[in-house]
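Sequence lines set the chain letters: A, B, ... in the order given, protein chains first and strands last, and positions in each chain run from 1. The figures here come from the full heavy-atom set of this structure, side chains too, leaving out hydrogens, waters and symmetry mates.
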Amino acid sequence: MKKDFFELVYQVVRCIPKGRVTSYSAISEYLTGSKRSARMVGWAMNNSHNVHPYVPAHRVVNHQGLLTGFRHFATPTQMQELLEAEGIPIKDKQVQNFEKYFWHPNQLSE
DNA sequence: CCGTTGACTTCCT
DNA sequence: CAGGAAGCCAACG
């Protein structure tokens, strides 16, 4: 089975515990070792709509905790509502207590 | 193979 | 402090 960069991203994203969020840089750093390749993660997420099973892309935000990818969802509010539904407070596309909800691929939920 | 793009990040102005 | 440009890496055309 050929594991593309995309699939690796998908796996990591799917491993994000409910009620937690992570950043593109964290995933990129975990996969490539370079936080500079965060764009690759975002790109993978772009294809995530075509992937199965479902990839909780709404749990992936930028390093600020800002919902940058909200415009790629069905509706601009979908991402925020999904996160709020998971118990994550969002204010103006910004994750509140981001560092508190932040999750790292290497840091499995305790 | 080369050029462009992209849901990012960081430095510089 | 806010906005713009550069850097980064991988996929797509």
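- A:F6 and A:Y10 have tilted rings, their planes meeting at an angle from 30° to 60° on a 0 to 90° scale.
- At a threshold of 4.5 Å between non-hydrogen side-chain atoms, the residues A:Y24 and A:M45 count as touching.
- Atom CG of A:L8 is separated from atom P of C:dA10 by 12 Å (rounded to the nearest Å).
- With B:dA7, B:dT10, B:dC8 as the candidates, the nucleotide lying closest to the side chain of A:H63 is B:dT10.
- No contact: A:H58 has no heavy atom under 4.0 Å from any strand.
- With C:dC12, C:dC9, B:dC8 as the choices, the nucleotide that has an atom nearest any side-chain atom of A:N62 turns out to be B:dC8.
- Note: CD (A:E7) to P (C:dA11) measures 12 Å, nearest angstrom.
- Here the nucleotide nearest the side chain of A:F5, chosen from B:dC8, B:dT10, C:dA11, is C:dA11.
- Distance, A:I27 CD1 to C:dC8 C1': 17 Å, rounded to whole Å.
- Atom CD in A:E29 sits roughly 10 Å away from atom P in B:dT10 (whole-Å rounding).
- Using a 4.0 Å heavy-atom cutoff across all strands shown, A:T32 reaches no nucleic acid atom at all.
- Among the heavy atoms of the strands lying under 4.0 Å from A:A57 is at least one base atom, whether or not backbone atoms are also near.
- Among the atoms of the strands shown, base atoms are found under 4.0 Å from some heavy atom of A:N46.
- Contact annotation: side chain of A:R36 to base of C:dC9, donor-acceptor pair absent below 3.5 Å.
- The shortest side-chain heavy-atom distance between A:V61 and A:L66 does not fall under the 4.5 Å cut-off.
- In the set C:dC9, B:dA7, B:dT9, B:dT9 carries the atom at the smallest distance from any side-chain atom of A:A38.
- Looking only at atom types and distance, the side chain of A:T32 has no donor-acceptor partner in the side chain of A:S34 under 3.5 Å away.
- Rounded to an integer number of Å, the gap from CD of A:Q64 to C1' of B:dA7 is 14 Å.
- Taking hydrophobic clusters as Ile, Leu, Val, Met, Phe, Trp and Tyr residues chained together by side-chain heavy-atom distances below 4.5 Å, A:M79 does not share a cluster with A:V51.
- Set against C:dC8, C:dA10, B:dA7, the side chain of A:W43 has C:dA10 as its closest nucleotide.
- Side-chain N/O atoms of A:S25 include one lying less than 4.0 angstrom from OP1 or OP2 on B:dT9.
- Nearest to the side-chain atoms of A:S23 among the listed nucleotides B:dT9, B:dA7, C:dC9 stands B:dT9.
- For A:F73, taking side-chain heavy atoms from C-beta onward, the closest of the listed nucleotides B:dA7, C:dC12, B:dT9 is B:dA7.
- An OP1 or OP2 oxygen of C:dC8 is reached within less than 4.0 angstrom by no side-chain nitrogen or oxygen of A:S34.
- Considering only the side chain of A:K35, B:dT10 comes nearest among C:dC12, B:dT10, C:dC9.
- Of the listed nucleotides (C:dA11, B:dA7, C:dG7), C:dG7 has the atom at the smallest distance from the side chain of A:R39.
- Counting non-hydrogen atoms under 4.0 angstrom, A:F70 reaches nothing in the nucleic acid.
- Pairing each heavy atom of A:K93 with each of A:P76, the nearest pair is CE-O, 3.7 Å.
- Rounding to whole angstrom units, NE2 of residue A:H72 and C1' of B:dC8 are separated by 12 Å.
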